[in-house]
2 protein chains.
Amino acid sequence: MKLGQATIKDIAKELNVSLSTVSRALKDYPGISNETKRKVKELAEKLNYRPNAIALSLRKSKSFTIGVIIPEVVHFFFSTVISGIEEVAFANGYNVILCQTNEKLQRELSSIEAMLDNQVDGLLVSYSKETEDFNHFTKLLKQNFPIVFFDRVPEIENTVNVTVNDFKGAYDATSHLINQGYKNIAHLAGPKNLTISRKRLDGYLAALQDHSIKHNPDWIIPCPIGTQEESFEFTKRLFENEKAKPDGIFASNDIAAAGAMMAVKSLGLKVPSDVGVVGFSDWQFSSMIDPPLSTVSQPGFQMGEKAISLLLEMINKKKDETWTPKTVVLETELIIRKSSEKIITE
Amino acid sequence: MKLGQATIKDIAKELNVSLSTVSRALKDYPGISNETKRKVKELAEKLNYRPNAIALSLRKSKSFTIGVIIPEVVHFFFSTVISGIEEVAFANGYNVILCQTNEKLQRELSSIEAMLDNQVDGLLVSYSKETEDFNHFTKLLKQNFPIVFFDRVPEIENTVNVTVNDFKGAYDATSHLINQGYKNIAHLAGPKNLTISRKRLDGYLAALQDHSIKHNPDWIIPCPIGTQEESFEFTKRLFENEKAKPDGIFASNDIAAAGAMMAVKSLGLKVPSDVGVVGFSDWQFSSMIDPPLSTVSQPGFQMGEKAISLLLEMINKKKDETWTPKTVVLETELIIRKSSEKIITE
DNA sequence: TTGTATGCGTTATCAC
DNA sequence: GTGATAACGCATACAA
């Protein structure tokens with residue numbers, strides 16, 4: 001067990017002054033003689049005094065702690081976001097407590113409970129793939145509890161969100177494939193209940209339409225789990241069964257893209273000469289695989305920074321002041337690597 | 001701002017009973033009439049009462065929060081460890097607060113301060129690459145403050161550590177290269193101040209020795225930064241300058257290995273036929289690169305689980321009871337993929 | 001079976 | 001300049 005920390009009381013007793021004097025001296029309040037101030041500070045230093053944040057929290061009804069709810073830490077994009085969150089939190093004297101849901105709704109619910117029990121001042125959430133209604137959030141929002149959603153944002157009213165231009169990212173990626181000469185482009189889609197999946201699908205469809213390409217519903221493959229194995233399997237099946245084989249794949253994330261690439265290669269087809277592939281997210285590995293994967297990069301760190309900045313703003317509003325709902329949209333960037341370069345082949 | 005939560009006081013007032021009655025009723029203490037119990041619980045439910053964890057912490061001088069200090073979240077291995085930590089913490093009603101040091105000593109120091117301010121019950125630490133003395137830890141340990149070090153463990157007395165058998169992992173990896181017929185094996189080493197780097201180097205050297213291969217000091221390349229670019233550069237230089245070129249590389253981590261592989265390929269050499277490569281850690285991308293990278297996998301999740309389990313044990317000791325220093329060593333596993341398979345080439 | 005009083009560490013409000 | 005006291009939300013020793 002941890003041994004007792006020195007408290008204000010200890011200092012007061014040793015110096016034969018009152019608690020309030022010590023408290024004031026430590027905070028350089030006016031109306032304390034320099035002499036006492038000096039003595040108090042010296043002793044505080046010597047006893048290695050540190051204010052008890054728990055007591056402060058209780059006193060101020062504010063914990064200087066924010067809760068982050070995230071599907072998985074082991075996910076390059078999310079860990080980047082956490083990094084951004086952590087950075088700004090730290091700089092502002094806030095702590096970050098973390099819960100991952102492992103994509104389970106049940107876990108999401110209990111995590112929120114735990115965080116509320118711990119009096120977090122606000123919540124940063126990216127909800128799970130299982131989450132289909134948002135009552136647990138609306139209930140809190142109604143009580144004016146500060147929440148900022150990031151990446152996976154719910155389609156409910158009065159929320160503050162930070163997201164990425166998924167539509168445009170997908171549109172750009174698909175257009176790029178088309179411009180490279182790939183005309184039969186399949187899409188490995190994400191889970192339907194995530195807005196980001198739908199937006200990416202929409203971007204894909206819009207790009208096809210704008211280039212007067214009719215889309216083939218059979219070529220939109222839902223990949224609800226999101227593992228490499230899943231997309232490998234589905235891609236293989238797609239290329240084996242169809243008569244008119246696709247020559248391009250736009251995947252809603254890099255893992256799926258990597259699985260697809262392996263599937264394509266396993267069938268003896270070449271990337272990018274036979275099939276062009278573009279992913280989404282720019283995972284760490286994407287530049288290292290063979291061929292290096294073209295992808296849509298998302299500013300994860302920046303998303304984290306923005307999300308917590310907004311949250312801190314909300315937290316620091318005066319009571320009764322409300323905030324205006326808004327959605328901050330960060331731009332993506334198409335990163336062109338070998339996996340989609342049909343034109344400049346050697 | 002968050003609106004007021006219901007407290008015990010609110011319930012007591014509304015029911016015209018005392019605070020203690022409510023408190024006891026809620027916790028099913030003996031000696032409370034079923035009638036009052038029922039009424040209290042009903043109202044608590046209705047008011048959506050939740051005990052204030054902050055007040056509890058203050059009362060019990062225990063925060064049910066543990067602090068995790070980690071170099072970087074955006075690091076596959078560490079995020080895996082976090083995942084394990086988070087899992088066990090959650091199951092035991094503990095919160096995890098997170099600080100990343102970004103490999104900066106200064107940040108490590110201030111993170112620890114912040115965590116102590118917040119009365120964490122214990123600390124889980126993997127220190128930064130800049131950390132060369134451990135006074136900030138020994139000071140705490142002397143006060144009997146619970147700390148468990150994981151992965152990067154300091155060589156100081158009376159600590160509780162969880163680590164991986166880095167020596168054996170490196171030994172196995174190097175031996176494997178030798179058995180495959182690679183005889184001139186270079187090593188991309190990690191930062192010297194990390195024990196893990198030294199252990200891996202030792203394992204490498206021991207394997208060479210046991211196979212009667214004299215090691216070449218020039219072929220031990222320190223990679224203090226640990227980026228892909230760094231190892232790319234260094235590897236390229238190594239292969240360009242030497243007369244007797246190496247035909248094998250054992251890198252102290254997968255990122256370095258990936259960089260080395262790219263360097264080798266850029267020089268027109270083939271992996272694995274000309275040069276065999278083995279990494280360390282089994283990052284997510286390692287199976288996806290070309291050729292798939294042989295590596296030494298570390299049980300990150302398990303390490304997290306073990307570390308926090310030990311910490312909770314320490315936390316739950318009675319006052320004055322001390323714990324026995326120990327180091328739990330988890331075993332690694334050599335994962336053989338294409339990058340090191342000289343023998344079975346087609 | 002229930003109520004009262006005290007303390008966890010801190011600060012704000014009065015008082016002197 | 002400094003001190004006493006109440007309050008933040010809760011649990012518990014002690015009374016009744």
Side-chain angles (χ1 to χ4, degrees), chain A residues 1-41 43-44 47-65 93 116-121 319, chain B residues 1-41 43-44 47-65 93 116-121 319:
Chain A
M1 279 289 299
K2 187 179 163 192
L3 296 186
Q5 272 289 340
T7 71
I8 278 194
K9 211 178 191 171
D10 299 322
I11 299 181
K13 204 174 292 171
E14 184 138 348
L15 256 39
N16 269 320
V17 292
S18 74
L19 295 181
S20 8
T21 304
V22 176
S23 173
R24 284 188 278 235
L26 286 171
K27 324 198 73 186
D28 279 324
Y29 261 56
I32 297 284
S33 74
N34 286 330
E35 176 62 8
T36 7
K37 240 185 233 179
R38 194 185 50 73
K39 282 204 288 192
V40 168
K41 287 189 174 173
L43 186 58
L47 296 182
N48 199 6
Y49 167 79
R50 48 172 20 106
N52 183 321
I54 301 265
L56 285 176
S57 297
L58 186 59
R59 184 89 229 293
K60 307 205 164 167
S61 310
K62 185 165 181 331
S63 63
F64 287 94
T65 298
L116 293 180
D117 285 349
N118 281 276
Q119 311 293 116
V120 293
D121 293 335
K319 232 174 195 143
Chain B
M1 280 292 297
K2 188 181 164 192
L3 295 187
Q5 272 289 341
T7 71
I8 277 194
K9 209 177 192 172
D10 300 321
I11 300 180
K13 203 174 291 172
E14 184 137 349
L15 256 39
N16 269 322
V17 292
S18 76
L19 295 181
S20 32
T21 303
V22 175
S23 172
R24 285 188 278 238
L26 286 172
K27 324 198 72 186
D28 279 324
Y29 261 54
I32 296 284
S33 73
N34 287 331
E35 176 62 7
T36 3
K37 246 187 226 176
R38 194 184 50 72
K39 282 203 290 191
V40 168
K41 287 189 173 173
L43 186 57
L47 295 182
N48 198 7
Y49 167 79
R50 47 171 21 104
N52 182 322
I54 301 264
L56 285 176
S57 298
L58 188 58
R59 180 87 226 294
K60 307 207 163 168
S61 309
K62 186 163 179 333
S63 63
F64 287 93
T65 298
L116 293 180
D117 285 349
N118 281 277
Q119 311 293 114
V120 293
D121 294 335
K319 231 174 196 143

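Quick note on labels: first sequence line is chain A, next is B, and so on, each numbered from 1.
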Notebook entry, point to check: Can a salt bridge be assigned to the pair A/Asp28 and A/Lys41 using a cut-off of 4.0 Å between side-chain N and carboxylate O?
Noted result: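 Answer for the salt bridge query: yes.
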Note to self: Both B/Ala55 and A/Arg24 contact DNA chain C. Which one's nearest nucleotide lies toward the 5' end?
What the structure shows: B/Ala55
Notebook entry, point to check: Want to settle it: does B/Ile32 or B/Lys60 sit nearer the 5' end of DNA chain C, counting the closest nucleotide to each?
Noted result: B/Ile32
Rounded to whole angstrom units, what separation is found between the [atom1] atom of [X] and the [atom2] atom of [N]?
X        : N      : atom1 : atom2 : result
B/Asn16  : C/dG3  : CG    : C1'   : 13 Å
B/Leu19  : C/dT6  : CG    : P     : 14 Å
B/Gln119 : C/dT10 : CD    : C1'   : 12 Å
B/Arg59  : C/dT10 : CZ    : C1'   : 17 Å
B/Asn118 : C/dG9  : CG    : P     : 15 Å
B/Leu15  : C/dT2  : CG    : P     : 11 Å
A/Asp10  : C/dC8  : CG    : P     : 10 Å
A/Ile54  : C/dG9  : CD1   : C1'   : 10 Å

Which one, [options], comes nearest to the side chain of [X]?
X       : options               : result
B/Leu58 : D/dG3, C/dC8, C/dT11  : C/dC8
A/Asn52 : C/dT10, D/dC10, C/dT2 : C/dT10
A/Ser18 : C/dT1, D/dA11, D/dG3  : D/dG3
A/Tyr49 : C/dT10, D/dT2, D/dG9  : C/dT10

Note to self: Can you tell me if B/Lys39 has over 12 outside heavy atoms packed within less than 6.0 Å of its NZ?
What the structure shows: no
NA contact type, [X], heavy-atom cut-off 4.0 Å: base, sugar-phosphate, or nothing?
X       : answer
B/Thr36 : sugar-phosphate
A/Lys9  : sugar-phosphate
B/Ser23 : base
B/Ser20 : base

Item checked: B/Ser20 and B/Ser23 side chains, donor-acceptor separation under 3.5 Å ->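 Their side chains do not contain a donor-acceptor pair, so the 3.5 Å distance test is not met.
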Next item on the list: Tell me whether the OP1 or OP2 atom of D/dT12 has a side-chain N or O from B/Tyr29 closer than 4.0 Å.
Entry: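 For D/dT12, OP1/OP2 do have a side-chain N/O of B/Tyr29 under 4.0 Å.
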Item checked: Which atom of B/Val120 lies closest to which atom of B/Ser63, heavy atoms considered -> CA-OG, 3.7 Å
Note to self: Which residue is it: B/Ile11, B/Ile32, B/Ile8? I am looking for the one with a side chain to side chain contact (heavy atoms under 4.5 Å, CB included) to B/Val40.
What the structure shows: B/Ile11
